[in-house]
Number of protein chains: 2
Amino acid sequence: MRYSQQRETIREIVYSTNTHPTADWIFGRAKRTIPNISLGTVYRNLKCLEEMGELRTIFDGSIARYDWNMDPHDHLKCKVCGDLFDVQLMDEGIQSTVRKKYKFEVDNVEMTIVGTCNKHKEK
Amino acid sequence: MRYSQQRETIREIVYSTNTHPTADWIFGRAKRTIPNISLGTVYRNLKCLEEMGELRTIFDGSIARYDWNMDPHDHLKCKVCGDLFDVQLMDEGIQSTVRKKYKFEVDNVEMTIVGTCNKHKEK
DNA sequence: TATTTATATAGTAATCATTCCTATTACTAT
DNA sequence: ATAGTAATAGGAATGATTACTATATAAATA
């Protein structure tokens with residue numbers, strides 16, 4: 001894979017935030033540095049970066065978000081503000097339970113917990 | 001909400017399978033009974049049925065699938081054949097852990113476990 | 001350094017799932 | 001049966017993502 005300023009810029013943008021940005025948000029940021037970058041370039045490079053193990057795709061409903069945190073972790077999704085927060089809940093038991101009970105080889109567990117974050121406490 | 005044959009047909013189709021069908025699959029099936037049903041009607045009624053508590057939407061990557069099983073349960077997704085299987089893993093501990101540790105009110109936990117189902121055992 | 005070769009890009013068109021719009025149809029209460 | 005209203009069919013619009021293609025550029029070579 002050949003170096004490109006575009007890919008490096010996209011990687012830096014994803015790594016600079018913990019907001020799990022969408023392709024469109026990344027596109028908007030990238031234009032500040034490379035004004036004529038195209039959205040197709042953003043998508044293509046996000047896919048490359050995923051294959052390189054530099055980031056992973058998470059789905060928030062039907063739209064893709066990109067996460068630089070490659071450690072096993074889950075997400076809290078606030079139904080009020082829509083924010084996604086990283087959490088470490090990894091229950092090692094799940095993997096072996098699933099293997100034994102359902103004869104299913106686990107690659108990875110994707111868990112999103114939907115609710116209300118502490119910014120929206122009722123008085 | 002007024003009765004309609006379309007909504008009833010759609011409900012029966014979702015309830016007749018455990019394949020977690022997509023809107024398009026449901027549309028194809030519904031056409032057998034109501035040849036001139038439209039895709040918009042399928043989507044609108046799936047949303048109605050969800051609001052009525054008759055089914056729920058789950059996301060498989062970026063596409064919506066519909067599930068008549070309203071009991072709390074999770075899904076195993078086979079990366080080989082793409083099938084989604086229902087599983088009961090519900091760990092009651094997650095809810096209280098998340099509430100205490102992250103001050104987050106949990107509404108529901110969406111977990112998909114990706115791996116390989118037992119139809120694809122290597123010899 | 002200049003030349004070559006191949007890969008990445010910009011820009012645009014195409015695709016796909018889903019939602020929106022509107023004139024028409026059909027339940028249901030009177 | 002009729003009026004009133006909610007649901008429908010059909011098609012257009014939207015939004016995210018992917019595909020296409022001529023041009024630009026990284027990097028290997030002379």
Side-chain angles (χ1 to χ4, degrees), chain A residues 1-14 17 19-67 75 77 82 84 110 112, chain B residues 1-14 17 19-67 75 77 82 84 110 112:
Chain A
M1 172 138 323
R2 220 163 63 171
Y3 170 87
S4 86
Q5 200 207 322
Q6 285 83 345
R7 184 178 318 113
E8 186 53 27
T9 300
I10 290 163
R11 203 190 66 82
E12 281 166 9
I13 290 168
V14 174
T17 183
T19 62
H20 311 85
T22 62
D24 200 60
W25 188 93
I26 296 163
F27 179 50
R29 279 301 179 93
K31 276 195 285 201
R32 296 182 188 175
T33 312
I34 306 171
N36 65 337
I37 193 171
S38 80
L39 187 53
T41 297
V42 173
Y43 277 106
R44 181 166 23 75
N45 282 301
L46 286 168
K47 186 166 288 177
C48 291
L49 290 165
E50 177 159 40
E51 282 161 10
M52 293 158 70
E54 298 268 342
L55 53 80
R56 63 173 171 151
T57 305
I58 59 181
F59 286 96
D60 177 15
S62 66
I63 91 152
R65 292 179 172 275
Y66 300 89
D67 188 351
H75 296 100
K77 178 180 171 62
L84 279 180
E110 293 168 6
T112 301
Chain B
M1 173 139 320
R2 224 162 62 171
Y3 171 87
S4 86
Q5 200 207 320
Q6 284 83 346
R7 185 179 317 115
E8 185 53 27
T9 300
I10 289 162
R11 204 192 65 82
E12 284 167 6
I13 290 168
V14 174
T17 182
T19 62
H20 310 85
T22 61
D24 200 60
W25 188 92
I26 296 163
F27 179 51
R29 279 299 180 92
K31 277 194 285 199
R32 296 181 187 175
T33 311
I34 307 171
N36 66 336
I37 195 172
S38 80
L39 188 53
T41 297
V42 173
Y43 276 106
R44 181 165 24 75
N45 281 301
L46 286 169
K47 187 167 289 177
C48 291
L49 291 165
E50 177 160 39
E51 281 161 11
M52 296 159 68
E54 298 267 344
L55 54 79
R56 63 173 171 151
T57 305
I58 58 181
F59 285 96
D60 177 15
S62 66
I63 91 153
R65 292 179 172 273
Y66 300 89
D67 189 350
H75 295 101
K77 178 179 172 62
L84 279 180
E110 293 167 5
T112 301

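Within every chain, numbering begins at 1; the chains are lettered A, B, ... in the order of the sequence lines, protein sequences first and strands thereafter.
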Ignoring hydrogens and angles, answer whether the base of D/dT25 and the side-chain atoms of A/R2 contain a donor-acceptor pair closer than 3.5 Å. yes
Judged by nearest nucleotide, the residue sitting upstream toward the 5' end of DNA chain D, B/S38 or A/A64, is B/S38
A/Y3 side chain near D/dA26 phosphate (N/O to OP1/OP2, under 4.0 Å): no
Using only side-chain N and O atoms of B/T41, determine if any of them is under 4.0 Å from OP1 or OP2 of D/dA9. yes
Rounded to the nearest Å, what distance is computed from the CG atom of residue A/N45 to the C1' atom of nucleotide D/dT18? 14 Å
Round to a whole Å and report the spacing from CZ of B/R65 to P of C/dT18. 10 Å
Donor-acceptor pair between A/H75 and A/D60 side chains, under 3.5 angstrom: no
Please tell me which of the listed nucleotides, D/dG10, C/dA10, D/dA16, lies nearest to the side chain of B/N36? D/dG10
For B/A23 against B/V42, the heavy-atom pair lying closest together: O-CG1, 3.8 Å
B/F27 has an atom CZ; how far is it from atom P of C/dT19, in whole Å? 15 Å
First encountered from the 5' end of DNA chain C, between A/V42 and A/S62: A/V42
Counting only side-chain N and O atoms of A/Y43, is one of them less than 4.0 Å from OP1 or OP2 of D/dT18? no
Identify whether any heavy atom of A/I37 sits under 4.0 Å from a base atom; if not, whether one sits that close to sugar-phosphate; answer base, sugar-phosphate or nothing. sugar-phosphate
Working to the nearest 0.5 Å, report the span between CD of A/E110 and CZ of B/F59. 14.0 Å
Take the protein atom CG of A/L39 and the nucleotide atom C1' of C/dT12, then report the distance between them rounded to whole Å. 12 Å
Value in whole Å for how far the P atom of C/dC16 lies from CG of B/D60: 17 Å
A/Y43 ring centre to A/K47 NZ or CZ under 6.0 Å, with the angle to the axis within 45°? no
Under 3.5 Å, is there a donor-acceptor pair linking the side chains of A/E50 and A/T57? yes
Roughly how many Å is it from CD in B/E8 to C1' in D/dA7, rounded to a whole number? 15 Å
Any side-chain N or O of B/K47 less than 4.0 Å from the OP1 or OP2 oxygen of C/dT18? no
Looking at every strand, decide which applies to B/D24 at a 4.0 Å heavy-atom threshold: base, sugar-phosphate, or nothing. nothing
Could you state the CD1-P distance from B/I63 to D/dT18, rounded to the nearest angstrom? 14 Å
Round to the nearest Å and state the distance from A/M1 atom CE to D/dA27 atom P. 12 Å
Distance below 4.0 Å between B/Q6 side-chain N/O and D/dA9 OP1 or OP2: yes
Base partner of C/dT30, which must satisfy Watson-Crick or wobble distances under 3.5 Å: D/dA1
